[in-house]
Amino acid sequence: MTTVSDEDPTVRSVSLALQRLTLGWDRHREAVADELGVGTTEIVALGFLYLDGPHTPTDIGNLQNLTSGSVTALLDRLEAAAFVARSHNPDDRRSVLATVTPAGRHAMQWYYERLDKIVGDALERVPDIAIGDVITLANLGGELLSEHAREAKQSRP
């Protein structure tokens with residue numbers, strides 16, 4: 001079994017490769033957002049709602065580290081694009097739920113189909129890769145990055 005350390009050039013190579021992946025992902029999201037006539041922040045929120053179902057503005061703000069005013073403006077833009085609808089929250093009458101509309105579902109299906117094609121093309125070029133290991137690395141890396149970001153934010157005065 002290979003030992004991994006911060007000083008190992010392999011770790012740096014993996015870090016840089018993942019950074020390139022993230023930058024490519026961001027560029028792809030920007031292109032899709034442009035085609036759909038919304039911003040990248042809206043695409044992230046729409047993807048969250050599409051994958052996880054209806055959520056409150058507070059949930060969306062926590063996910064994206066946005067203020068309540070920013071979330072309201074974001075939902076206004078998604079509603080104007082007909083991708084999201086707001087309704088009363090049956091669990092809290094003071095709150096609303098944001099839900100993906102049929103147009104929003106269609107937009108996200110289109111987004112993920114394009115993304116799946118790109119990822120599939122990349123996987124075909126590396127036929128011997130252990131896909132389970134890639135999934136594990138991506139999930140764990142995402143969790144650790146998010147955890148680090150939360151801790152850094154909480155430690156600020």
Side-chain angles (χ1 to χ4, degrees), residues 14-126 129-154 156:
V14 171
S15 293
L16 293 173
L18 291 172
Q19 181 183 27
R20 283 190 296 279
L21 173 64
T22 301
L23 289 171
W25 202 285
D26 288 346
R27 298 298 81 79
H28 174 70
R29 186 173 44 235
E30 288 169 5
V32 168
D34 286 347
E35 290 184 54
L36 293 175
V38 295
T40 57
T41 306
E42 286 80 7
I43 293 295
V44 173
L46 188 57
F48 172 62
L49 295 170
Y50 173 76
L51 294 172
D52 291 350
H55 279 281
T56 65
T58 300
D59 294 336
I60 295 166
N62 290 337
L63 171 77
Q64 293 186 258
N65 198 24
L66 298 172
T67 65
S68 61
S70 295
V71 173
T72 299
L74 173 127
L75 290 174
D76 288 346
R77 292 187 297 271
L78 284 170
E79 256 187 339
F83 293 148
V84 166
R86 284 180 266 203
S87 61
H88 294 287
N89 184 347
D91 298 328
D92 181 355
R93 64 185 181 148
R94 298 167 296 151
S95 177
V96 297
L97 288 175
T99 306
V100 176
T101 64
R105 278 193 297 283
H106 180 76
M108 284 293 96
Q109 288 166 348
W110 173 77
Y111 170 76
Y112 285 115
E113 286 170 4
R114 289 180 65 186
L115 191 56
D116 290 348
K117 171 83 172 90
I118 293 165
V119 171
D121 289 348
L123 288 171
E124 282 182 11
R125 295 179 188 188
V126 190
I129 196 163
I131 294 176
D133 291 344
V134 173
I135 293 168
T136 299
L137 175 64
N139 283 330
L140 184 56
E143 289 170 19
L144 291 173
L145 286 166
S146 293
E147 181 181 311
H148 177 74
R150 275 191 303 276
E151 289 171 359
K153 184 174 181 175
Q154 290 172 350
R156 282 186 247 145

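These values consider heavy atoms only, across backbone and side chains, with no hydrogens, waters or symmetry-generated copies.
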Visitor: Between Tyr50 and Tyr111, is there a side-chain heavy-atom distance shorter than 4.5 Å?
Guide: no
Visitor: As an exercise, state the distance from CG of Leu78 to OG1 of Thr99, rounded to the nearest 0.5 Å.
Guide: 12.0 Å
Visitor: Between Arg125 and Asp121, is there a side-chain N and carboxylate O pair less than 4.0 Å apart?
Guide: no
Visitor: I need the Gln109 CD to Asp116 CG distance, nearest 0.5 Å.
Guide: 11.5 Å
Visitor: So, do Leu66 and Thr41 sit near enough that their side-chain heavy atoms are less than 4.5 Å apart?
Guide: yes
Visitor: Tell me every residue that passes side chain to side chain contact (heavy atoms under 4.5 Å, CB included) with Ala103, counting only those two or more places apart in sequence or in another chain.
Guide: Phe83, Thr101
Visitor: Apply salt bridge (Lys or Arg N to Asp or Glu O under 4.0 Å) to Arg94 and list each qualifying residue two or more places apart in sequence or on a separate chain.
Guide: Asp92
Visitor: Using the rule given for side-chain contact (heavy atoms from CB on, under 4.5 Å), can you reason through Leu75 versus Ile60, listing the C-alpha separation, both sets of side-chain angles and the distance that settles it, and then say yes or no?
Guide: CA-CA 10 Å; Leu75 290 174; Ile60 295 166; 4.0 Å; yes
Visitor: Do Val134 and Leu137 make a side-chain contact, defined as non-hydrogen atoms from C-beta onward lying under 4.5 Å apart?
Guide: no
Visitor: For Leu123, what residues pass the side chain to side chain contact (heavy atoms under 4.5 Å, CB included) criterion, not counting sequence neighbours?
Guide: Val119, Ile129, Ile131
Visitor: Could you tell me which non-hydrogen atom of Ala98 sits nearest to which non-hydrogen atom of Leu49, and how far apart they are?
Guide: O-CD2, 3.6 Å
Visitor: Could you state the interatomic distance from NE2 (His28) to CG (Leu21), rounded to the nearest 0.5 Å?
Guide: 11.5 Å
Visitor: What is the minimum heavy-atom distance between Val38 and Ala81, and which atoms define it?
Guide: CG1-CB, 3.9 Å
Visitor: If I take atom CG from residue Leu140 and atom CG from residue Leu145, how far apart are they, to the nearest 0.5 angstrom?
Guide: 9.5 Å
Visitor: Of all heavy-atom pairs between Gln64 and Ala45, which one has the smallest distance, and what is that distance?
Guide: OE1-CB, 3.0 Å
Visitor: List in chain and number order the residues that pass salt bridge (Lys or Arg N to Asp or Glu O under 4.0 Å) with Asp52, two or more places apart in sequence or in another chain; answer none if no residue qualifies.
Guide: none
Visitor: Could you list all the salt bridge (Lys or Arg N to Asp or Glu O under 4.0 Å) pairs where at least one residue sits in residues 138-153, not counting sequence neighbours?
Guide: none
Visitor: Less than 4.5 Å apart, side chain to side chain, heavy atoms only: is that true for Pro57 and Leu74?
Guide: no
Visitor: In Å and rounded to the nearest 0.5 Å, what is the NE2 to CG distance from His55 to Leu63?
Guide: 8.5 Å
Visitor: Indicate whether the side chain of Thr136 and that of Asp133 have a donor and an acceptor atom separated by less than 3.5 Å.
Guide: no
Visitor: Only pairs at least two apart or in different chains count here, so list each salt bridge (Lys or Arg N to Asp or Glu O under 4.0 Å) that has a residue in residues 24-42.
Guide: Asp26-Arg29, Arg27-Glu30, Glu35-Arg114, Glu42-Arg77
Visitor: Could you tell me whether Trp110 atom CH2 has more than 12 heavy atoms of other residues or ligands within 6.0 Å of it?
Guide: yes
